[in-house]
Amino acid sequence: MIRVQSADFDVGLELKKLTEGNRQIGAVTSFVGLVRDITGEDTISAMILEHYPGMTEKQLVDIEYEANQRWDLNSSLIIHRYGRLGPGDNIVLVACASSHRESAFDACHFLIDWLKTKAPFWKLEETSDGDRWVEANTKDDIATARWRK
Amino acid sequence: MIRVQSADFDVGLELKKLTEGNRQIGAVTSFVGLVRDITGEDTISAMILEHYPGMTEKQLVDIEYEANQRWDLNSSLIIHRYGRLGPGDNIVLVACASSHRESAFDACHFLIDWLKTKAPFWKLEETSDGDRWVEANTKDDIATARWRK
Amino acid sequence: MNLLYFAWIRIKMGVSGEHIDPPKNIKDIESLIDWIKQRNTISNEAFSDISNIRFAVNQEYVDIDHPVQPGDEIAFFPPVTGG
Amino acid sequence: MNLLYFAWIRIKMGVSGEHIDPPKNIKDIESLIDWIKQRNTISNEAFSDISNIRFAVNQEYVDIDHPVQPGDEIAFFPPVTGG
(Lines give C-alpha, C1' and ligand atoms only; values in the text may rest on other atoms or scores of the structure.)
Protein backbone atom coordinates (compact mmCIF):
# COMPACT_ATOMS: atom_id res chain seq x y z
CA MET A 1 0.00 0.00 0.00
CA ILE A 2 1.21 3.54 -0.70
CA ARG A 3 0.10 6.84 0.77
CA VAL A 4 1.15 10.40 0.00
CA GLN A 5 -0.04 12.80 2.67
CA SER A 6 0.77 15.99 4.56
CA ALA A 7 -0.37 14.52 7.90
CA ASP A 8 2.02 12.74 10.23
CA PHE A 9 1.88 8.94 10.64
CA ASP A 10 2.08 6.68 13.67
CA VAL A 11 4.85 4.16 13.00
CA GLY A 12 3.71 1.69 15.67
CA LEU A 13 0.13 1.70 14.39
CA GLU A 14 1.19 1.33 10.77
CA LEU A 15 3.47 -1.62 11.53
CA LYS A 16 0.73 -3.26 13.57
CA LYS A 17 -1.73 -2.95 10.65
CA LEU A 18 0.89 -4.37 8.29
CA THR A 19 1.05 -7.70 10.12
CA GLU A 20 -2.46 -7.95 11.56
CA GLY A 21 -4.15 -11.27 10.92
CA ASN A 22 -1.25 -12.72 8.93
CA ARG A 23 0.64 -15.27 11.01
CA GLN A 24 2.90 -16.31 8.17
CA ILE A 25 4.87 -13.11 8.75
CA GLY A 26 8.10 -13.75 10.60
CA ALA A 27 9.98 -10.54 9.82
CA VAL A 28 9.08 -6.87 9.53
CA THR A 29 11.72 -4.40 8.47
CA SER A 30 11.05 -0.69 8.51
CA PHE A 31 12.77 2.54 7.64
CA VAL A 32 11.76 5.96 8.95
CA GLY A 33 13.30 9.10 7.48
CA LEU A 34 13.30 12.19 9.72
CA VAL A 35 14.06 15.88 9.25
CA ARG A 36 17.49 16.69 10.73
CA ASP A 37 18.20 20.08 12.27
CA ILE A 38 21.63 20.43 10.67
CA THR A 39 22.96 19.53 7.24
CA GLY A 40 26.46 20.53 6.35
CA GLU A 41 27.12 23.73 8.29
CA ASP A 42 23.69 25.30 8.49
CA THR A 43 20.92 25.00 11.04
CA ILE A 44 17.59 24.04 9.52
CA SER A 45 14.44 25.57 10.96
CA ALA A 46 12.04 23.91 8.53
CA MET A 47 11.86 21.88 5.35
CA ILE A 48 9.25 22.25 2.63
CA LEU A 49 8.62 19.08 0.66
CA GLU A 50 7.17 19.81 -2.76
CA HIS A 51 5.98 16.96 -4.94
CA TYR A 52 4.27 16.20 -8.22
CA PRO A 53 0.74 15.03 -7.36
CA GLY A 54 -0.30 12.17 -9.58
CA MET A 55 3.19 11.23 -10.71
CA THR A 56 4.27 10.66 -7.11
CA GLU A 57 1.52 8.11 -6.51
CA LYS A 58 2.20 6.48 -9.88
CA GLN A 59 5.92 6.11 -9.16
CA LEU A 60 5.33 4.76 -5.66
CA VAL A 61 2.83 2.20 -6.94
CA ASP A 62 5.34 1.11 -9.61
CA ILE A 63 8.23 0.88 -7.14
CA GLU A 64 6.17 -1.09 -4.63
CA TYR A 65 4.98 -3.42 -7.39
CA GLU A 66 8.54 -4.08 -8.47
CA ALA A 67 9.61 -4.87 -4.90
CA ASN A 68 6.77 -7.36 -4.60
CA GLN A 69 7.81 -8.95 -7.89
CA ARG A 70 11.42 -9.32 -6.78
CA TRP A 71 10.87 -10.46 -3.20
CA ASP A 72 8.37 -12.73 -1.54
CA LEU A 73 6.57 -10.22 0.68
CA ASN A 74 3.37 -10.70 2.67
CA SER A 75 2.74 -6.96 2.74
CA SER A 76 4.48 -3.66 2.18
CA LEU A 77 3.86 -0.01 2.91
CA ILE A 78 5.22 3.29 1.72
CA ILE A 79 4.05 6.55 3.30
CA HIS A 80 5.63 9.76 2.09
CA ARG A 81 4.73 13.17 3.49
CA TYR A 82 4.76 16.52 1.75
CA GLY A 83 4.38 20.11 2.95
CA ARG A 84 6.14 22.03 5.69
CA LEU A 85 8.01 19.89 8.25
CA GLY A 86 10.16 20.77 11.23
CA PRO A 87 13.30 19.12 12.66
CA GLY A 88 12.50 15.72 14.15
CA ASP A 89 9.37 15.31 12.01
CA ASN A 90 8.75 12.10 10.11
CA ILE A 91 9.24 12.34 6.33
CA VAL A 92 8.87 8.82 5.06
CA LEU A 93 8.05 5.31 6.25
CA VAL A 94 8.89 2.17 4.33
CA ALA A 95 7.98 -1.21 5.79
CA CYS A 96 8.11 -4.74 4.43
CA ALA A 97 6.73 -7.92 5.98
CA SER A 98 7.87 -11.36 4.93
CA SER A 99 8.24 -14.91 6.20
CA HIS A 100 12.00 -14.45 6.29
CA ARG A 101 14.25 -11.58 7.22
CA GLU A 102 16.43 -11.40 4.10
CA SER A 103 13.48 -10.60 1.84
CA ALA A 104 12.15 -8.04 4.30
CA PHE A 105 15.53 -6.32 4.60
CA ASP A 106 16.39 -6.30 0.92
CA ALA A 107 12.96 -5.12 -0.21
CA CYS A 108 12.90 -2.31 2.37
CA HIS A 109 16.41 -1.18 1.43
CA PHE A 110 15.55 -1.36 -2.27
CA LEU A 111 12.42 0.74 -1.75
CA ILE A 112 14.10 3.57 0.12
CA ASP A 113 17.03 3.65 -2.33
CA TRP A 114 14.59 3.91 -5.24
CA LEU A 115 12.45 6.53 -3.49
CA LYS A 116 15.53 8.71 -3.16
CA THR A 117 16.12 8.76 -6.90
CA LYS A 118 12.67 8.14 -8.41
CA ALA A 119 9.97 9.70 -6.22
CA PRO A 120 9.28 13.21 -7.55
CA PHE A 121 9.88 15.20 -4.38
CA TRP A 122 12.00 18.29 -3.88
CA LYS A 123 13.21 19.65 -0.56
CA LEU A 124 13.52 23.33 0.24
CA GLU A 125 15.41 23.91 3.49
CA GLU A 126 14.87 27.06 5.48
CA THR A 127 18.29 27.60 7.03
CA SER A 128 20.05 30.25 9.11
CA ASP A 129 21.73 31.18 5.81
CA GLY A 130 18.49 31.53 3.83
CA ASP A 131 16.35 29.14 1.80
CA ARG A 132 18.11 26.45 -0.15
CA TRP A 133 16.99 23.66 -2.50
CA VAL A 134 18.51 20.35 -1.48
CA GLU A 135 20.61 18.99 -4.32
CA ALA A 136 20.38 15.42 -5.49
CA ASN A 137 23.13 13.25 -4.10
CA THR A 138 25.21 11.13 -6.48
CA LYS A 139 25.61 8.65 -3.60
CA ASP A 140 21.88 8.01 -3.94
CA ASP A 141 22.25 7.23 -7.65
CA ILE A 142 25.01 4.76 -6.83
CA ALA A 143 22.91 3.16 -4.08
CA THR A 144 20.02 2.74 -6.51
CA ALA A 145 22.22 1.42 -9.32
CA ARG A 146 23.27 -1.63 -7.33
CA TRP A 147 19.66 -2.92 -7.41
CA ARG A 148 19.63 -3.00 -11.22
CA LYS A 149 19.29 -6.54 -12.40
CA MET B 1 20.51 -0.28 24.94
CA ILE B 2 19.65 -3.94 25.37
CA ARG B 3 16.77 -5.62 27.17
CA VAL B 4 15.94 -9.28 27.75
CA GLN B 5 12.40 -9.73 28.97
CA SER B 6 9.37 -12.00 28.93
CA ALA B 7 6.96 -9.06 28.54
CA ASP B 8 5.87 -7.80 25.13
CA PHE B 9 7.16 -4.50 23.77
CA ASP B 10 5.50 -1.62 21.95
CA VAL B 11 7.44 -1.04 18.72
CA GLY B 12 6.08 2.47 18.14
CA LEU B 13 6.92 3.58 21.67
CA GLU B 14 10.41 2.07 21.55
CA LEU B 15 11.21 3.77 18.24
CA LYS B 16 9.92 7.06 19.56
CA LYS B 17 12.18 6.83 22.61
CA LEU B 18 15.11 5.96 20.39
CA THR B 19 14.98 9.29 18.53
CA GLU B 20 13.53 11.57 21.19
CA GLY B 21 15.43 14.82 21.65
CA ASN B 22 18.07 13.99 19.05
CA ARG B 23 17.53 15.98 15.88
CA GLN B 24 20.68 14.79 14.23
CA ILE B 25 18.91 11.52 13.50
CA GLY B 26 17.81 11.28 9.89
CA ALA B 27 17.23 7.53 9.61
CA VAL B 28 15.78 4.84 11.84
CA THR B 29 15.85 1.25 10.67
CA SER B 30 14.12 -1.47 12.63
CA PHE B 31 13.60 -5.19 12.49
CA VAL B 32 10.82 -7.06 14.30
CA GLY B 33 10.85 -10.85 14.47
CA LEU B 34 7.48 -12.55 15.01
CA VAL B 35 6.31 -16.07 15.80
CA ARG B 36 4.91 -17.73 12.65
CA ASP B 37 2.09 -20.24 12.84
CA ILE B 38 3.63 -22.64 10.33
CA THR B 39 7.19 -23.76 9.73
CA GLY B 40 7.82 -26.46 7.22
CA GLU B 41 4.70 -28.63 7.27
CA ASP B 42 3.55 -28.33 10.86
CA THR B 43 1.21 -25.91 12.54
CA ILE B 44 2.70 -24.20 15.57
CA SER B 45 0.49 -23.52 18.56
CA ALA B 46 3.21 -21.99 20.73
CA MET B 47 6.94 -21.41 20.98
CA ILE B 48 8.97 -21.56 24.15
CA LEU B 49 12.08 -19.43 24.08
CA GLU B 50 14.69 -20.64 26.53
CA HIS B 51 17.81 -18.58 27.13
CA TYR B 52 20.95 -18.41 29.24
CA PRO B 53 20.41 -15.59 31.74
CA GLY B 54 23.60 -13.61 32.21
CA MET B 55 25.28 -14.82 29.05
CA THR B 56 22.43 -13.48 26.93
CA GLU B 57 22.81 -9.97 28.31
CA LYS B 58 26.59 -10.19 27.98
CA GLN B 59 26.40 -11.29 24.34
CA LEU B 60 23.84 -8.62 23.45
CA VAL B 61 25.92 -5.88 25.08
CA ASP B 62 28.98 -7.09 23.14
CA ILE B 63 27.13 -7.27 19.84
CA GLU B 64 25.61 -3.83 20.30
CA TYR B 65 29.00 -2.40 21.22
CA GLU B 66 30.55 -3.84 18.09
CA ALA B 67 27.79 -2.36 15.90
CA ASN B 68 28.42 1.05 17.45
CA GLN B 69 32.16 0.69 16.80
CA ARG B 70 31.61 -0.22 13.17
CA TRP B 71 28.88 2.27 12.27
CA ASP B 72 28.20 5.85 13.24
CA LEU B 73 24.97 5.44 15.18
CA ASN B 74 23.14 7.96 17.33
CA SER B 75 21.37 5.23 19.25
CA SER B 76 20.55 1.55 19.06
CA LEU B 77 18.22 -0.89 20.75
CA ILE B 78 17.91 -4.65 21.07
CA ILE B 79 14.95 -6.19 22.89
CA HIS B 80 14.74 -9.99 22.98
CA ARG B 81 11.90 -11.84 24.65
CA TYR B 82 11.97 -15.24 26.31
CA GLY B 83 9.26 -17.55 27.65
CA ARG B 84 6.10 -18.89 26.04
CA LEU B 85 4.92 -17.03 22.94
CA GLY B 86 2.04 -17.61 20.54
CA PRO B 87 1.75 -17.13 16.76
CA GLY B 88 1.88 -13.45 15.84
CA ASP B 89 3.72 -12.52 19.04
CA ASN B 90 6.80 -10.31 18.92
CA ILE B 91 10.09 -12.12 19.58
CA VAL B 92 12.77 -9.55 18.96
CA LEU B 93 13.20 -5.88 18.10
CA VAL B 94 16.39 -4.40 16.70
CA ALA B 95 16.51 -0.69 15.89
CA CYS B 96 19.31 1.65 14.83
CA ALA B 97 19.23 5.42 14.48
CA SER B 98 21.79 7.34 12.48
CA SER B 99 22.27 10.55 10.52
CA HIS B 100 22.28 8.54 7.30
CA ARG B 101 20.37 5.52 6.10
CA GLU B 102 23.24 3.27 5.04
CA SER B 103 24.66 3.10 8.57
CA ALA B 104 21.22 2.51 10.06
CA PHE B 105 20.47 -0.29 7.59
CA ASP B 106 23.80 -2.05 7.80
CA ALA B 107 24.01 -1.92 11.59
CA CYS B 108 20.45 -3.24 11.99
CA HIS B 109 21.07 -6.05 9.52
CA PHE B 110 24.39 -6.92 11.20
CA LEU B 111 22.73 -7.03 14.62
CA ILE B 112 19.93 -9.40 13.67
CA ASP B 113 22.33 -11.66 11.73
CA TRP B 114 24.61 -11.87 14.78
CA LEU B 115 21.72 -12.41 17.17
CA LYS B 116 20.69 -15.45 15.14
CA THR B 117 24.06 -17.12 15.62
CA LYS B 118 25.39 -15.64 18.88
CA ALA B 119 22.52 -14.90 21.26
CA PRO B 120 22.08 -17.97 23.51
CA PHE B 121 18.41 -18.68 22.86
CA TRP B 122 16.76 -21.96 21.96
CA LYS B 123 13.30 -22.37 20.51
CA LEU B 124 10.97 -25.22 21.35
CA GLU B 125 7.96 -25.33 19.03
CA GLU B 126 4.74 -26.94 20.15
CA THR B 127 3.38 -28.34 16.91
CA SER B 128 0.51 -30.53 15.77
CA ASP B 129 3.18 -33.23 15.45
CA GLY B 130 4.52 -32.82 19.00
CA ASP B 131 7.21 -30.66 20.57
CA ARG B 132 10.31 -29.95 18.51
CA TRP B 133 13.53 -28.03 19.11
CA VAL B 134 14.23 -25.63 16.28
CA GLU B 135 17.53 -26.51 14.65
CA ALA B 136 20.15 -23.91 13.87
CA ASN B 137 20.13 -22.84 10.25
CA THR B 138 23.36 -22.90 8.27
CA LYS B 139 21.96 -20.00 6.25
CA ASP B 140 22.23 -17.95 9.43
CA ASP B 141 25.91 -18.84 9.80
CA ILE B 142 26.51 -17.75 6.22
CA ALA B 143 24.60 -14.50 6.79
CA THR B 144 26.72 -13.78 9.85
CA ALA B 145 29.99 -14.71 8.17
CA ARG B 146 29.68 -11.95 5.60
CA TRP B 147 30.00 -9.33 8.36
CA ARG B 148 33.43 -10.64 9.41
CA LYS B 149 36.02 -8.00 8.72
CA MET C 1 -0.10 20.56 -24.16
CA ASN C 2 0.17 21.12 -20.42
CA LEU C 3 3.52 22.15 -19.02
CA LEU C 4 4.32 21.76 -15.32
CA TYR C 5 7.25 23.25 -13.42
CA PHE C 6 8.54 22.16 -10.03
CA ALA C 7 11.00 23.37 -7.38
CA TRP C 8 13.44 26.04 -8.54
CA ILE C 9 12.20 25.83 -12.14
CA ARG C 10 8.73 26.76 -10.86
CA ILE C 11 10.26 29.65 -8.87
CA LYS C 12 12.26 30.90 -11.86
CA MET C 13 9.33 30.59 -14.26
CA GLY C 14 7.05 32.34 -11.76
CA VAL C 15 4.24 29.88 -12.47
CA SER C 16 3.63 26.23 -11.59
CA GLY C 17 2.40 25.45 -15.09
CA GLU C 18 0.90 26.69 -18.31
CA HIS C 19 -1.23 25.49 -21.17
CA ILE C 20 0.52 26.00 -24.48
CA ASP C 21 -0.20 25.45 -28.14
CA PRO C 22 3.25 25.08 -29.71
CA PRO C 23 4.00 25.12 -33.44
CA LYS C 24 3.68 21.87 -35.37
CA ASN C 25 7.45 21.35 -35.79
CA ILE C 26 7.86 20.57 -32.08
CA LYS C 27 8.30 16.81 -31.97
CA ASP C 28 10.29 16.06 -28.83
CA ILE C 29 11.35 17.45 -25.44
CA GLU C 30 14.46 19.05 -26.89
CA SER C 31 12.63 21.06 -29.55
CA LEU C 32 9.96 21.96 -26.98
CA ILE C 33 12.61 23.39 -24.65
CA ASP C 34 14.13 25.40 -27.52
CA TRP C 35 10.72 26.83 -28.27
CA ILE C 36 10.02 27.63 -24.55
CA LYS C 37 13.39 29.41 -24.22
CA GLN C 38 13.04 31.67 -27.23
CA ARG C 39 9.76 33.12 -25.93
CA ASN C 40 11.24 35.49 -23.31
CA THR C 41 14.18 36.16 -20.98
CA ILE C 42 12.62 34.46 -17.96
CA SER C 43 12.07 31.19 -19.81
CA ASN C 44 15.51 31.41 -21.43
CA GLU C 45 17.10 31.85 -18.03
CA ALA C 46 15.08 29.08 -16.31
CA PHE C 47 16.10 26.55 -18.97
CA SER C 48 19.68 27.74 -19.43
CA ASP C 49 21.26 24.64 -17.85
CA ILE C 50 19.45 21.60 -19.17
CA SER C 51 21.87 19.22 -17.42
CA ASN C 52 20.08 20.13 -14.17
CA ILE C 53 16.60 19.49 -15.52
CA ARG C 54 14.67 16.23 -15.67
CA PHE C 55 11.58 15.54 -17.80
CA ALA C 56 8.41 13.56 -17.47
CA VAL C 57 5.76 13.00 -20.12
CA ASN C 58 2.40 11.89 -18.78
CA GLN C 59 3.99 11.24 -15.37
CA GLU C 60 6.75 8.94 -16.61
CA TYR C 61 10.43 9.85 -16.69
CA VAL C 62 11.69 10.32 -20.24
CA ASP C 63 14.87 11.31 -22.05
CA ILE C 64 15.30 14.57 -23.95
CA ASP C 65 14.60 12.92 -27.32
CA HIS C 66 11.22 11.58 -26.17
CA PRO C 67 8.36 12.57 -28.53
CA VAL C 68 5.71 15.02 -27.37
CA GLN C 69 2.26 15.59 -28.79
CA PRO C 70 -0.85 17.68 -28.17
CA GLY C 71 -2.62 16.64 -24.97
CA ASP C 72 0.55 15.52 -23.21
CA GLU C 73 1.29 16.54 -19.64
CA ILE C 74 4.95 17.53 -19.72
CA ALA C 75 6.82 18.26 -16.49
CA PHE C 76 10.20 19.92 -15.94
CA PHE C 77 11.98 19.62 -12.62
CA PRO C 78 15.39 19.32 -10.95
CA PRO C 79 16.80 15.90 -10.00
CA VAL C 80 14.48 14.56 -7.30
CA THR C 81 15.36 14.50 -3.61
CA GLY C 82 12.66 12.37 -2.01
CA GLY C 83 12.90 9.85 0.78
CA MET D 1 32.85 -25.98 38.97
CA ASN D 2 29.29 -25.14 37.93
CA LEU D 3 27.84 -26.93 34.93
CA LEU D 4 24.79 -25.59 33.11
CA TYR D 5 22.67 -27.42 30.54
CA PHE D 6 20.24 -25.85 28.11
CA ALA D 7 17.54 -26.96 25.65
CA TRP D 8 17.57 -30.67 24.74
CA ILE D 9 20.77 -31.25 26.72
CA ARG D 10 18.94 -30.01 29.83
CA ILE D 11 16.01 -32.31 29.00
CA LYS D 12 18.27 -35.32 28.44
CA MET D 13 20.30 -34.67 31.58
CA GLY D 14 17.11 -34.15 33.60
CA VAL D 15 18.62 -31.15 35.40
CA SER D 16 19.41 -27.57 34.40
CA GLY D 17 22.78 -27.70 36.11
CA GLU D 18 24.98 -29.23 38.76
CA HIS D 19 27.89 -28.33 40.97
CA ILE D 20 30.75 -30.77 40.47
CA ASP D 21 34.21 -31.33 41.87
CA PRO D 22 36.04 -33.16 39.08
CA PRO D 23 39.42 -34.89 39.41
CA LYS D 24 42.57 -32.79 38.99
CA ASN D 25 43.46 -34.20 35.56
CA ILE D 26 40.55 -32.38 33.93
CA LYS D 27 42.15 -29.46 32.13
CA ASP D 28 39.86 -28.59 29.25
CA ILE D 29 36.31 -28.95 27.93
CA GLU D 30 37.14 -32.18 26.10
CA SER D 31 38.45 -34.00 29.19
CA LEU D 32 35.56 -32.59 31.23
CA ILE D 33 33.06 -34.08 28.77
CA ASP D 34 34.83 -37.45 28.88
CA TRP D 35 34.59 -37.37 32.66
CA ILE D 36 30.88 -36.35 32.58
CA LYS D 37 30.05 -39.15 30.14
CA GLN D 38 31.69 -42.00 32.08
CA ARG D 39 29.61 -41.24 35.19
CA ASN D 40 26.34 -42.84 34.01
CA THR D 41 24.20 -43.84 31.05
CA ILE D 42 22.14 -40.64 31.02
CA SER D 43 25.21 -38.41 30.81
CA ASN D 44 26.82 -40.71 28.25
CA GLU D 45 23.73 -40.52 26.07
CA ALA D 46 23.28 -36.73 26.42
CA PHE D 47 26.86 -36.08 25.30
CA SER D 48 27.02 -38.81 22.64
CA ASP D 49 27.12 -36.40 19.69
CA ILE D 50 29.52 -33.60 20.54
CA SER D 51 29.20 -32.08 17.06
CA ASN D 52 25.77 -30.83 18.12
CA ILE D 53 26.98 -29.27 21.36
CA ARG D 54 28.40 -25.80 21.93
CA PHE D 55 30.36 -24.67 25.00
CA ALA D 56 30.69 -21.51 27.03
CA VAL D 57 33.10 -20.85 29.89
CA ASN D 58 32.14 -17.98 32.14
CA GLN D 59 29.52 -16.90 29.59
CA GLU D 60 31.88 -16.70 26.60
CA TYR D 61 31.83 -19.10 23.65
CA VAL D 62 34.90 -21.35 23.65
CA ASP D 63 36.32 -24.25 21.65
CA ILE D 64 36.60 -27.78 22.94
CA ASP D 65 40.27 -27.37 23.87
CA HIS D 66 39.56 -24.36 26.09
CA PRO D 67 40.99 -24.77 29.62
CA VAL D 68 38.64 -25.13 32.58
CA GLN D 69 39.38 -24.61 36.23
CA PRO D 70 37.66 -24.73 39.62
CA GLY D 71 35.13 -21.94 40.02
CA ASP D 72 34.32 -21.75 36.28
CA GLU D 73 30.74 -21.59 35.05
CA ILE D 74 30.65 -24.03 32.16
CA ALA D 75 27.61 -24.28 29.91
CA PHE D 76 26.64 -26.94 27.35
CA PHE D 77 23.96 -26.25 24.78
CA PRO D 78 22.87 -26.91 21.19
CA PRO D 79 23.67 -24.39 18.43
CA VAL D 80 21.68 -21.27 19.29
CA THR D 81 18.48 -20.24 17.51
CA GLY D 82 17.82 -16.72 18.74
CA GLY D 83 16.47 -13.72 16.88
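Keep in mind that the numbers below use all heavy atoms, side chains included, and drop hydrogens, waters and symmetry copies.
Listed by sequence position, I112(A), L115(A), K116(A), T117(A), K118(A), A119(A), P120(A), F121(A), W122(A), K123(A) are the residues of residues 109-132 of chain A in contact with chain C, using a 4.5 angstrom heavy-atom cutoff.
Within a 6.0 Å sphere centred on NZ of K12(C), other residues, nucleotides and ligands contribute more than 12 heavy atoms. Shown here is L13(A), whose CG atom has more than 12 heavy atoms of other residues, nucleotides or ligands within 6.0 Å. Within 6.0 Å of atom CD in E135(A), 12 or fewer heavy atoms from other residues, nucleotides or ligands are found, so the atom counts as exposed in its surroundings.
The line from OH of Y52(A) to CZ of F6(C) is 5.5 Å long, rounded to the nearest 0.5 Å. Once rounded to the nearest 0.5 Å, the distance linking CZ of F77(C) with CE of M55(A) reads 4.5 Å. A distance of 9.0 Å separates CD in Q59(A) from CD in Q59(C), rounded to the nearest 0.5 Å.
For N52(C), no part lies under 4.5 angstrom from a heavy atom of chain A. For a residue to count as touching a neighbouring chain, one of its non-hydrogen atoms must lie under 4.5 Å from one of that chain's; by this rule D62(A) touches chain C with the side chain only. Contact of R10(C) with chain A is made through the side chain alone, with heavy-atom distances under 4.5 Å.
For the residue pair K58(A) and N58(C), the shortest heavy atom distance occurs at NZ-O, 3.3 Å.
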